[in-house]
Amino acid sequence: MKLYNTLTRTKEEFTPLDPQNIRLYVCGVTPYDDPHLGNARPMVVFDVLFRLLRHTYGESAVKYARNFTDIDDKIIARANELGEDPATLAERFIHSYHDDAAALGCLPPTYEPRVSETQVMEGIITFIEKLLKKGSAYEIPGDGIYLDITQIDGNDGYQYGKLSGNKLEDLVAGARVEANTAKRNSGDFALWKLAKPGEPQWKTPWGAGRPGWHIECSVMSEQLLGDKFDLHGGGEDLQFPHHENEIAQSVACHGHIHANVWLHNAFITVGGKRMGKSMGNFTTIKDALEKYSPEAIRLWLLQTHYRKPVDYSDEALIAAENRLKKLLPKALAVTNPAPMPQGFLDALKDDLNTPKALGKMGSIEETATCLRFLGLL
RNA sequence: GGCCGGAUGGCGAAGUGGUAACGCAGCGGUCUGCAAAACCGCGAUGCGCGGGUUCAAAUCCCGCUCCGGCCUCCA
């Protein structure tokens, strides 16, 4: 199986650390609103990868973790806005996420950790203590604990900026927006934020507060999959700063990058422009489901390679709907499904080339099997 | 400004050296009282533009145009 690794910018042959124990970690969401179609893409793409890995290495050999960042500035802000308890609000949108993922035919991950879990929070505190002890992290009194991105030397020679294609010098020197002059480098980021009155908080040796944005993924992945695992995925937007910072923490803590292969899906666009929360041009999965069948949405997403943008339009969704309208009744009527054609499987194993695979489903007996495999039947 | 992608028939989308998968729409046919559905068939002499390399290029090289993304909120 080949996969494109953002870390090396090349398509590589995937070699598991342990074929009996394949480990995949995908960044989920911060549950402060209903998930939109941009969130649906990694849901579906990595679900197909999960299915492919299970098919290749055996169902019990694959572990898939997808987190919820249920403690975050955006959640607190939204909760204040609505006069709702932050934890209740997060819980509500986690349910919403689960509903949508299930509707879109995604298998439940093996693990779905949350930052607010006691074990995770304790892990975060321990992790930060280690970084402080090592001198990779420092305190800004009255503010929080920060990671010094120039102090992360690991034995694998990782340089901050490699994943996202940035140069450390540029990031250290190029203070674009310098909100916090107490930081040693402009690229330094918060591991822990000291609480302001009324905010959710946890006690630590350096003061009560809550975790920064990136730390949770380093800790949860380590707790569930170990400090070295196979695959780490997420949306393209997470490449920087989230994944870059996650790597920085883990390298600083463990001396090596925590995941071998870094996978990033491209964006959903609308009229060629990125669909995003801050653009205000997003469509929630629930709204899309009012207009189109879940299978059509799933097929629409899989009709384009995951590293290329997909444009959301009525035309595209209707085309997917029409294809299924013709295909599904025939596929459902198949009583003697045939094995998946090799060409179908080969396409999927070539960096998850779902559009190519969809063109190689073969006879209707084979197609039924393929559709079922893809979660479309 | 720095870095990274993309441009393939009406639309979407594979294909990264050997002569353009697949899907949607369209068109023709079979069937039907007509239509729909279903089934069968057709469709780019050409892959943003200009050069170059090669026996051979959508695929490699050089230059150009346009579009998008990231540069510390976003899957």
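Naming: A, B, ... by sequence-line order, numbering from 1 per chain. Computed from a prediction, not measured in an experiment: that's the story for all the values here.
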Just to confirm, is there a sub-4.0 Å distance from OP1 or OP2 of B:rA13 to any side-chain nitrogen or oxygen of A:Asn353?
no

For nucleotides B:rC70 and B:rU53, find the distance between their P atoms and express it as a whole number of Å.
40 Å

Derivation of the salt bridge (charged side-chain N to carboxylate O under 4.0 Å, His left out) call for A:Lys74 and A:Asp33
CA-CA 10 Å; A:Lys74 287 195 286 287; A:Asp33 203 351; over 6 Å; no

Measuring only the P atom in each nucleotide, how far is B:rC62 from B:rG5? A whole number of Å is fine.
14 Å

Kindly determine whether A:Asn21 and A:Lys63 satisfy side-chain contact (heavy atoms from CB on, under 4.5 Å), including the steps that lead there.
CA-CA 7 Å; A:Asn21 186 22; A:Lys63 286 182 187 142; 3.5 Å; yes

Ring centre gap for A:His254 and A:Phe127 strictly below 6.0 Å:
yes

Hey, what's the ring geometry for A:Phe373 with A:Phe344, parallel, tilted or perpendicular (30° and 60° as the breaks)?
perpendicular

I need the CD-C1' distance between A:Glu246 and B:rU72, as an integer number of Å.
15 Å

Hey, which of these two, A:Lys74 or A:Arg9, hits RNA chain B nearer its 5' end, going by closest nucleotide?
A:Arg9

Gap between atoms OH and P, on A:Tyr306 and B:rA14 respectively (whole Å):
13 Å

Can you tell me how far P of B:rG12 sits from CG of A:Leu301, to the nearest Å?
17 Å

Return no unless some side-chain N or O of A:Lys183 is found under 4.0 Å from OP1 or OP2 of B:rU72.
no

Report the distance from atom CG of A:Asn322 to atom P of B:rC22, rounded to the nearest whole Å.
19 Å

Would A:Glu81 and A:Arg78 pass as an ion pair if we require N to O under 4.0 Å?
yes

B:rA44 to B:rA58 separation - C1' atoms, rounded to the nearest Å
12 Å

N or O in side chain of A:Asn166 less than 4.0 angstrom from B:rG2 OP1/OP2:
no

Interatomic distance at C1', B:rG48 relative to B:rU54, whole Å
23 Å

Taking for each residue the nucleotide of RNA chain B with the nearest heavy atom, is it A:Gly235 or A:Ala320 whose nucleotide lies nearer the 5' end?
A:Ala320

Spacing of A:Leu131 atom CG and A:Ile145 atom CD1 [to the nearest 0.5 Å]:
10.0 Å

Taken to the nearest 0.5 Å, the spacing of A:Glu122 CD from A:Ile124 CD1 works out to 10.5 Å

Decide, yes or no, whether a salt bridge links A:Asp350 with A:Lys356 under the criterion of side-chain N to carboxylate O below 4.0 Å.
no

N/O to N/O distances under 3.5 Å, protein versus nucleotides 35-42 of chain B:
{"from": "B:rC39", "atom 1": "OP1", "to": "A:Lys330", "atom 2": "NZ", "distance (Å)": "2.7"}

For A:Ile318 and B:rG10, give me the distance from atom CD1 to atom P, rounded to whole Å.
21 Å

Between B:rG68 (P) and A:Gln239 (CD): distance, integer Å:
20 Å

Closest to side chain of A:Glu315, choosing from B:rU72, B:rA75, B:rC11:
B:rC11

Side-chain N,O (A:Lys360) to OP1/OP2 (B:rA21) below 4.0 Å
no

Touch check for A:His36, heavy atoms < 4.0 angstrom, all strands: base, sugar-phosphate only, or nothing?
base

Integer angstrom distance from the P of B:rC31 to that of B:rU45
33 Å

Can you give me the dot-bracket string for RNA chain B, 5' to 3', counting Watson-Crick and G-U wobble pairs with both distances under 3.5 Å, using [ ] for crossing pairs and | for partners on another strand?
((((((((.[[[..)..(...]]].(((((.......))))).....[[[[[..)....]]]]])))))))....

Closest listed nucleotide, where the reference is the side chain of A:Phe267 and the choices are B:rU72, B:rG69, B:rA7:
B:rG69

Against A:Tyr306, only a single residue in A:Asp351, A:Asn265, A:Asn353 fulfils side chain to side chain donor-acceptor pair (under 3.5 Å); can you say which?
A:Asp351

What integer number of Å spans the P atoms of B:rG1 and B:rC64?
13 Å

For A:Met275 and A:Thr269, run side-chain contact (heavy atoms from CB on, under 4.5 Å): C-alpha distance rounded to whole Å, both residues' side-chain angles, the deciding distance at 0.1 Å, then the answer.
CA-CA 5 Å; A:Met275 179 184 285; A:Thr269 59; over 6 Å; no

Picking from B:rU72, B:rA13, B:rA75, which would you name as closest to the side chain of A:Thr304?
B:rA13

Please report the distance, rounded to the nearest Å, between OH in A:Tyr25 and P in B:rA75.
13 Å

For a quick check of understanding: with a heavy-atom distance under 4.0 Å over all strands, which category does A:Gly165 fall into, base, sugar-phosphate or nothing?
sugar-phosphate

Looking at every strand, decide which applies to A:Leu37 at a 4.0 Å heavy-atom threshold: base, sugar-phosphate, or nothing.
nothing

For a quick check, tell me whether the side chain of A:Ser278 and the base of B:rC73 share a donor-acceptor pair closer than 3.5 Å.
yes

Output the rounded distance in Å from CG (A:Leu7) to P (B:rC4).
16 Å

Please work out if A:Met275 contacts a base, only the sugar-phosphate, or nothing of the nucleic acid, heavy-atom cut-off 4.0 Å.
base

Of the options B:rG69, B:rA25, B:rA75, whose atoms approach the side-chain atoms of A:Glu236 most closely?
B:rG69

Check ion pair A:Arg92-A:Glu84 (N to O, under 4.0 angstrom)
yes

Could you check which of B:rC70, B:rA13, B:rA75 has an atom nearest any side-chain atom of A:Pro355?
B:rA13

Step-by-step side-chain contact (heavy atoms from CB on, under 4.5 Å) determination, A:Thr6 to A:His243:
CA-CA 11 Å; A:Thr6 305; A:His243 288 163; over 6 Å; no

Which one, B:rA75, B:rA25, B:rA7, comes nearest to the side chain of A:Lys308?
B:rA7

Begin from the C-alpha positions of A:Leu17 and A:Lys228 and carry the test side-chain contact (heavy atoms from CB on, under 4.5 Å) through to its verdict.
CA-CA 9 Å; A:Leu17 289 161; A:Lys228 187 77 178 169; 4.0 Å; yes

Separation between the C1' atoms of B:rG2 and B:rU8, rounded to whole Å
30 Å

If we take the P atom in both B:rU16 and B:rC61, what is their distance in whole Å?
14 Å

Regarding the side chain of A:Leu238, the nearest nucleotide among B:rA75, B:rA13, B:rC70 is B:rA75

Touch check for A:Arg274, heavy atoms < 4.0 angstrom, all strands: base, sugar-phosphate only, or nothing?
base

